[in-house]
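Scroll down for the structure; my scribbles are underneath it.
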Amino acid sequence: MTPASPSTPHTEYGGPLSSTMIFLLPALALSSKLGLGIVQLMILLLLIRRGRTLLPLYKRHWNDIGGVVLAFGGYFLVSLVRLAVDHQRLNTLDGPSRLLFGLSCIGVVYYLRPRARHFWLGLCLAAVLSAVVALFQVTVLGMDRAIGFTHHEITFGDLALACGLMSLCGLTDLRNTRMAWLPGVGLVCGLLASMLSASRGGWLALPLVAIPVVRYGVPLYGRRLLVVGTALLALVVLALAIPATGVAGRIEQALAEIQRYLTLGDATTSVGIRLELWKASVMMFLEHPWLGVGRDQFDVALHALAAQGRLQQSPALTYSSSHNDMLNCLATGGLLDFGLLILMYVAPLRFFSRQLRSVDRGQRPLALAGMVVVVAFIGFGLTDVMFWLMMTKVFYVMMVCSLVGMCLAAQYPAPVPRSILIARTDNIGDVVLTLPLAGYLKQLYPQAEIVFLCRRYAAAVVAQCRHVDRVLTQEELGDDWADGLARSGCDTMIFTFPMRTLAAAARRAGIERRIGSSHRIHHWYHCNRLATFSRANSPLHEAQLNFKLLLPLGVDVEPPLEQLKTMYGLNTPRHPAADALLAGPGFKLILHPKSNGNGREWPLQHYTALAGLLRGVEDVRVLVTGSAAEGELLAQQAPALLALPNVENLCGKLDLDGFTALVGGCDGLIASGTGPLHLASALGRPALGLFPPLKPIDIVRWGALGPRARSLCTPVACGHCEDAARCTCMLAITPQQVLEVVESWRAEALVPAL
């Protein structure tokens, strides 16, 4: 294992909830205003709930995002003033308030840190689904133009095309995955949905979007962009060549309608209506250049112009907007609204262009997607009013601000943890196998305090670990665990052992980072950083699996077992009682027959047989250990073992300090997969673990892990392993096999040190 340098920025990821939110956002945008509104409401509520944490982010990064905040926030403030001055209805603030609320996406996304990969997958899925729905509506339902779920063909076509264009920017992040082909498919599907919606105006965005894609995309994507571009060009040519697509016909029709308007003044066609509305908009602007005719007065002014004979009687008089964003702003809001619109274009473009020119820390593809959506909306706005329609307005602000937040999260790594609390409140063996994680974190964050939370009975072992700065026991937390955790001063807590009540207390204590497994339902509520992995079905050792919990911190490491063997950092304590036992002559071999119900135990008759065989080996002292209760069980179940003259019964005679000292000074230890086995392995002593071939209690998951540790398991399962009463796998490990291991240890001990 080569740990990352503490100075290396790590991309910290949030939990699956944040990634699910960013994944669903594009699809919800294409489904309905309700779905998009729900997501916006959730984000706003999260900003309010986490205001003390999130609002300072805007101040801290003001130099980066100030322009974006002023653009969308300024539009709302101007709207508020105009509401009072022009005596408008309160509902006219609905749209501007959505732009203001959309700014919450910056802080929330930056705080939640969703995985960018989920964003790309969401965009691709939205584009693919839009194409499927469009094909169904046109071919099966017989509709002339696909409208998706938006009930408006232009809105559907434009948003589907925007998702397709943005999905192309995920080429880099998805290139080494099984989904490497998806961005290209997403682009094609977005274009197909746009074609089936027959929204010709949206196609004007394609040459505009090509400018930033070629300028910044070629260095990012190289040949992959060329391949996708060639495929796209072939699709366009094919669409033009096949009459059934209607693309060539729509273009010819548009050109003919322009000619009819210019020569005959025909304002009854689709294009003619737009040209008539644009003409009216220019008239309104020239008469009211500063503030326009009023944001909700377009149709009134339109009919006034017609009444004056300056416009012809045509279907254009039924419209309430200019069908062009810039002209609509000039007509209804004058130069003031026009300036705000330009600012809502320019400010995001400026932010994303700066991100594209900065050192790439993963933000460049996101910044290019942001630039693409802004330029695409400029193109869409040439023939429609994207900032007049609610759905497109909300889509724009949420996409832009979400991408701003993700760029910031990639550009600026999360603050380095100051105090990390590792919670392992179960058995000693599990605690010991978690100590390498403490060692890695101490190496990764040398300035951070490493605190280990365990039960009081395991504290003596953890206190011997050089990597742990402070030991905190569950009992020391008191009756109010939340208060105890708050007093610990830790800003990061890692739940290597899932415990619902402890996770709930950590949330109430306000610990900033709470990392747990996504396989525990309660973690979805109490933890804000989730790692997705399976312990039961994994081929990794328990000590390796603990490192998977570092994934939300941006640390993806899987240390090899040979390296883990040296990472415990355990010292052997001194203890008078243990010293007295170890001072005696002979080879001191510990037998620990019981396991407190953990795993499968080697039969007691085998321990007795082994001790009997060791009577013939010179100077071997057999020390039987266990708790006082286990000693009583041995006296009942294996009296012959305790009666052997070479056996010393130490059950219940040493506290944990004394037992640790004894294990650290012994010449060997034999046990099943239990705490003393892992303790001896961690202390570098010869240790032999006896295991069944049964997941998840086999050698792969719980094998002895130490520089001088070994494990034994029968090579062929008995076939009845699921039933402990019938399983004979542990019985199949013979005393003679174990004796051979002990003799090899003794031979090593007799070799004089050089």
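If you read the sequence from its start, that first residue is 1, and numbering goes on from there.
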Rounded distance (nearest 0.5 Å) linking atom [atom1] of [X] with atom [atom2] of [Y]:
| X | Y | atom1 | atom2 | value |
| --- | --- | --- | --- | --- |
| L366 | L356 | CG | CG | 10.0 Å |
| S194 | I154 | OG | CD1 | 10.5 Å |
| F72 | L343 | CZ | CG | 8.5 Å |
| R89 | L83 | CZ | CG | 11.0 Å |
| L103 | L70 | CG | CG | 9.5 Å |
| L187 | C163 | CG | SG | 12.0 Å |

Item to complete: Show your reasoning for whether side-chain contact (heavy atoms from CB on, under 4.5 Å) applies to L191 and L161.
Response: CA-CA 5 Å; L191 184 61; L161 182 58; 4.0 Å; yes
Can you check whether [X] reaches [Y] side chain to side chain, under 4.5 Å on heavy atoms?
| X | Y | answer |
| --- | --- | --- |
| L389 | F395 | no |
| Q40 | F101 | yes |
| Q259 | L255 | no |
| V404 | P348 | no |
| R117 | T177 | yes |
| H303 | L317 | yes |
| K393 | L99 | yes |
| M166 | M399 | yes |

Taking all non-hydrogen atoms of both residues, which atom of [X] and which atom of [Y] are closest, and how far apart?
| X | Y | value |
| --- | --- | --- |
| M195 | W203 | CA-CZ2, 3.9 Å |
| P365 | L220 | N-CD1, 4.2 Å |
| A160 | S130 | CB-OG, 3.6 Å |
| G202 | T383 | N-OG1, 4.4 Å |
| L302 | A280 | CD1-CB, 3.5 Å |
| I106 | I65 | CG2-CD1, 4.1 Å |

Discussion item. Could you work out, with side chain to side chain donor-acceptor pair (under 3.5 Å) as the rule, every residue matching S281, not counting sequence neighbours?
Written reply: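 In terms of side chain to side chain donor-acceptor pair (under 3.5 Å), with neighbours along the sequence ignored, S281 is linked to S322.
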Given 3.5 Å as the limit, does a donor-acceptor pair link the side chain of [X] with the main chain of [Y], or not?
| X | Y | result |
| --- | --- | --- |
| N528 | E512 | yes |
| S199 | E153 | yes |
| E276 | A316 | no |
| R529 | R513 | no |
| R98 | V394 | no |
| Y221 | C169 | yes |

No-hydrogen, no-angle side-chain donor-acceptor test under 3.5 Å, [X] and [Y]:
| X | Y | result |
| --- | --- | --- |
| D173 | W120 | yes |
| S79 | R295 | yes |
| S270 | R274 | yes |

Worksheet item: F23 and L125: side-chain contact (heavy atoms from CB on, under 4.5 Å), yes or no, with the steps?
Response: CA-CA 9 Å; F23 171 78; L125 175 66; 3.4 Å; yes
Is the number of heavy atoms from other residues, nucleotides or ligands within 6.0 Å of [atom1] ([X]) greater than 12?
| X | atom1 | result |
| --- | --- | --- |
| M143 | CE | yes |
| D299 | CG | yes |
| R350 | CZ | no |
| R260 | CZ | no |

Practice prompt. Applying side-chain contact (heavy atoms from CB on, under 4.5 Å), run through L196 and Q137 and close with a yes or a no.
Written response: CA-CA 9 Å; L196 293 176; Q137 290 180 337; over 6 Å; no
Fill in: Lys NZ or Arg CZ of R60 over Y58 ring: under 6.0 Å, within 45°
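No; the conditions do not both hold, so R60 does not lie above the ring face of Y58.
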Practice prompt. Show your working on side-chain contact (heavy atoms from CB on, under 4.5 Å) between F387 and C329 and close with a plain yes or no.
Written response: CA-CA 9 Å; F387 282 88; C329 283; 5.8 Å; no
Please tabulate, for side-chain N and O atoms in residues 367-379, each donor-acceptor pair with protein atoms closer than 3.5 Å (sequence neighbours left out).
none

Practice prompt. Can you label the angle between the Y345 ring and the Y396 ring as parallel, tilted or perpendicular, going by 30° and 60°?
Written response: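 Because their plane-to-plane angle is over 60°, the rings of Y345 and Y396 count as perpendicular.
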Discussion item. Applying the side-chain contact (heavy atoms from CB on, under 4.5 Å) criterion to M386, which one of L341, N328, T155, D158 satisfies it?
Written reply: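 That would be D158; it is the only one of L341, N328, T155, D158 passing the side-chain contact (heavy atoms from CB on, under 4.5 Å) with M386.
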